[in-house]
Amino acid sequence: MSDPTSKAPSTPAKGFKAPIGTHDVLAPESARWTALLATFAGIAGQYGYGMVHTPMFEDLGVFLRMGEGTDVVTKEMYDFEDKGGRRVALRPEGTASVVRAFVEHRPIVPWKAWYATPAFRYEKPQKGRYRQHHQVGIEVLGVDDPDIDVEVIALADRYLKALGAERYSLVVNSMGSLHDRRNYDVALREFLAGVKNDLADEDQDKVERNPLRVLDSKRRQTMQATADAPRVTDVLSTESAERFERVTEGLDALGIRHTVEPRLVRGLDYYTHTLFEFQSDALDSAQATIIGGGRYNGLAEALGGPETPGIGFGSGIERVLLHLDAEDAFPTPDSGLDVFVVDVTDGRSARDLTETLRDAGLSADRGFDGRSMKAQMKGANRSGARAAVIIGADEAAAGTVTLRDLRGDSDQQTIGRDDLVTTIRTLLETDPS
RNA sequence: GUGGCCGUAGCUCAGUCCGGUUAGAGCGCCAGGUUGUGGCCCUGGAGGUCGGGGGUUCAAGUCCCCUCGGUCACCCCA
């Protein structure tokens with residue numbers, strides 16, 4: 001390696017660890033992920049979305065279109081040169097790739113797509129903020145109707161409710177058209193220039209760099225100094241204002257509680273018109289945004305496609321799970337195992353019988369390595385199976401099995417092998433005594 | 001990227017301030033009590049280069065420096 005800054009691969013004495021800011025998800029926690037994904041897929045399907053898979057890396061330019069004023073693009077991009085000298089980057093979020101795919105394939109509109117994907121950002125990790133995190137999300141291309149904005153938000157809300165979340169709130173805002181947004185930028189810069197010295201020191205340099213960000217500062221001094229700052233909602237064109245009105249009216253009509261927050265801004269600067277965030281009220285942390293989204297009417301064009309309106313949201317799986325933990329909701333699903341086969345003879349019966357049970361559509365696991373009956377029964381208990389099928393010397397000789405209920409009073413019966421599947425089915429339908 | 005706190009068995013942690021014989025607990029795991037029966041109980045066992053490296057010292061889990069990782073705030077965001 002000629003690059004003096006590159007580090008040699010390490011060979012730690014205690015073995016390797018997942019890279020900084022990344023993590024492994026093992027069972028049983030992974031079962032929550034599966035269930036969460038199934039929930040999202042089900043709801044997206046209900047709303048007419050089809051799943052889209054796009055590459056995990058793209059030409060760097062695809063992501064640069066997201067905006068140069070954005071940290072996600074300017075300092076957190078996981079970009080590199082591949083062996084062919086191409087400048088590529090691991091995706092930092094879902095939208096840009098999906099819109100790129102739209103522009104490339106031109107599916108008929110309205111195009112409603114959902115995705116589940118890892119996302120990469122080179123930043124200093126902490127809880128709820130990782131170098132590789134995972135998002136589910138949706139995008140709608142080719143619909144300008146504000147009612148789709150309502151539908152997109154409704155889908156997000158339905159998703160959180162389906163997971164059992166309650167303690168969250170929705171804030172919405174409108175950035176107006178690109179034209180409105182430009183006007184507002186001018187008005188805001190003018191205002192901020194006048195009060196710059198009254199802002200908290202840490203916020204002063206944002207006045208030129210990222211004026212919108214001054215407004216969502218959490219510092220009291222800045223909040224006081226900007227109390228009279230112009231609001232986006234005040235400078236919207238009539239058309240933009242009416243559009244936003246239609247969105248909030250729709251949310252009201254559907255009974256989706258929300259607050260209009262004129263100071264809400266979002267990082268990626270492709271947003272126009274509707275902007276929204278679902279924030280956790282249960283997470284005591286700066287990383288409380290569990291869903292973020294909005295409309296991006298200029299993005300398809302910026303990626304070389306026809307002028308196409310778009311709207312969508314992304315939701316961080318880790319953060320949603322953190323939120324659900326804080327609410328004590330969405331428990332880990334149980335294993336769903338029907339039976340566990342315990343064979344204390346030579347294991348041949350377990351080998352054959354377990355597979356027969358699976359042929360019959362049951363979920364079954366078994367003990368291995370000729371462990372003691374006590375050990376295998378512990379395994380059966382741990383597996384979460386409803387019943388244990390026990391084969392000892394007696395059963396092996398008689399061609400029978402003992403079926404033991406692992407719940408309740410743990411009744412057991414010895415039956416012929418031909419009757420096993422039906423008897424298990426009957427047992428599965430009975431409540432534990 | 002900046003600053004604070006933390007890092008001891010698989011997990012949660014005590015011990016670190018005031019350095020001193022074989023580093024502890026609970027949970028989990030394994031085995032036995034119960035040579036055909038899990039979940040409760042009892043007994044025993046395995047498991048730790050005290051995140052890693054260097055330094056100070058007769059002596060370092062304990063003090064100092066560096067480094068890696070986690071965490072919190074900022075920045076920013078899912």
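All values below come from the heavy atoms of this structure, side chains included, with hydrogens, waters and symmetry mates left out.
Applying the 4.0 Å criterion to OP1 and OP2 of B/C75, one finds that A/R121 has every side-chain N and O outside that range. The side chain of A/R371 places an N or O atom within less than 4.0 Å of a non-bridging phosphate oxygen (OP1 or OP2) of B/A31. Applying the 4.0 Å criterion to OP1 and OP2 of B/U71, one finds that A/K124 has every side-chain N and O outside that range.
Look at the C1' atom in both B/G45 and B/G51: the space between them is 27 Å, to the nearest Å. For the C1' atoms, the distance linking B/A14 with B/A25 amounts to 7 Å, nearest Å. Taking atom P on both nucleotides, B/G7 is separated from B/C50 by 14 Å, rounded to a whole Å. Separating the P atom of B/G70 from that of B/A23 is a span of 30 Å, rounded to the nearest Å. One P atom belongs to B/G47, the other to B/U2, and the distance between them is 42 Å to the nearest Å. Across the C1' atoms, B/U12 and B/C29 are found 16 Å apart, a figure rounded to whole Å. Using atom P as the reference point in both B/G28 and B/C41, the two lie 8 Å apart (nearest Å). For the P atoms, the distance linking B/U56 with B/C64 amounts to 15 Å, nearest Å.
Judged purely by distance below 3.5 Å, without hydrogens or angles, the side chains of A/S410 and A/D405 never pair a donor atom with an acceptor atom. A donor-acceptor contact closer than 3.5 angstrom links the side chains of A/T414 and A/T402.
Rounded to an integer number of Å, the gap from A/D411 CG to B/U37 C1' is 14 Å. Remark: C1' of B/A78 and CD of A/E139 are 13 Å apart, rounded to the nearest angstrom. At whole-Å resolution of the value, NZ in A/K374 and C1' in B/U34 are 7 Å apart. At whole-Å resolution of the value, CD in A/Q204 and P in B/C74 are 18 Å apart.
Between the side chain of A/N381 and the base of B/G39, no donor-acceptor pair under 3.5 Å is found. Counting distance only, with no hydrogens placed and no angle test, the side-chain atoms of A/Q376 and the base atoms of B/U37 include no donor-acceptor pair under 3.5 Å. With hydrogens and angles left out, the side chain of A/R382 and the base of B/G38 share no donor-acceptor pair within 3.5 Å. Not a single donor-acceptor pair, N or O on each side, falls under 3.5 Å between the base of B/A78 and the side chain of A/R129.
A/G21 comes within contact range of the sugar-phosphate backbone alone, with a heavy-atom separation under 4.0 Å but no base atom that close. Residue A/I390 is classed as a base contact, given a heavy-atom separation below 4.0 Å to a base. Using a 4.0 Å heavy-atom distance criterion, A/I317 is classed as making no nucleic acid contact. Residue contacts for A/I20: at a heavy-atom cut-off of 4.0 Å it reaches the sugar-phosphate backbone alone, with no base atom in range. Among the atoms of the strands shown, none is found under 4.0 Å from any heavy atom of A/G379. The residue A/V344 sits apart from the nucleic acid: no heavy atom pair falls under 4.0 Å.
Cation-pi geometry between A/R131 and A/Y122 is satisfied (NZ or CZ under 6.0 Å from the ring centre, within 45° of the ring normal).
Across all strands shown, B/A23 forms no Watson-Crick or G-U wobble pair with both key distances under 3.5 Å. Look at B/A9: it lacks any Watson-Crick or wobble partner with both distances under 3.5 angstrom. With a cut-off of 3.5 Å on both Watson-Crick or G-U wobble distances, the partner of B/G32 is given as B/C42. With both pairing distances under 3.5 Å, B/G3 is matched to B/C72 as a Watson-Crick or G-U wobble pair. Nucleotide B/U37 is matched to nothing when pairs are restricted to Watson-Crick or G-U wobble geometry with both distances under 3.5 angstrom.
The residue among A/A393 and A/T289 whose nearest nucleotide of RNA chain B lies closer to the 5′ end is A/A393. When each of A/A18 and A/G392 is assigned the nucleotide of RNA chain B with its nearest heavy atom, A/G392 is the one assigned upstream, toward the 5' end.
In this structure, A/F278 and A/Y168 have tilted ring planes: the angle between them lies in the 30° to 60° band. Ring geometry for A/H23 versus A/Y130: interplanar angle of 30 to 60°, hence tilted.
For the side chain to side chain contact (heavy atoms under 4.5 Å, CB included) criterion with A/V344, the lone passing option out of A/M377, A/M373, A/K374 is A/M373.
With B/G36, B/C75, B/G32 as the choices, the nucleotide that has an atom nearest any side-chain atom of A/D394 turns out to be B/G36. Listed candidates were B/U37, B/C74, B/A31. Nearest to the side chain of A/M377 is B/U37. Proximity note for A/K378 (side chain, C-beta onward) versus B/G69, B/A78, B/G39: the nearest is B/G39. Side-chain proximity of A/E395 to B/G36, B/G38, B/C75: nearest is B/G36. The listed nucleotides are B/G70, B/C74, B/C75; the one nearest the side chain of A/A286 is B/C74. Among B/U37, B/A78, B/G39, the nucleotide with an atom closest to any side-chain atom of A/H133 is B/A78. Of the listed nucleotides (B/A73, B/A78, B/U37), B/A73 has the atom at the smallest distance from the side chain of A/Q287. Among the nucleotides B/G38, B/A78, B/A73, the one closest to the side chain of A/E123 is B/A78. Among the nucleotides B/A78, B/U37, B/G69, the one closest to the side chain of A/R319 is B/A78. Minimum atom distance to the side chain of A/M373 is reached by B/U37, of the listed B/G69, B/U37, B/G33.
Between A/T430 and A/R386, the shortest heavy-atom distance links the atoms O-NH1, 2.8 Å. Pairing each heavy atom of A/Y47 with each of A/K112, the nearest pair is O-NZ, 2.8 Å.
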Applying salt bridge (Lys or Arg N to Asp or Glu O under 4.0 Å), run through A/R189 and A/D185 and close with a yes or a no.
CA-CA 6 Å; A/R189 281 176 193 273; A/D185 194 61; 2.8 Å; yes

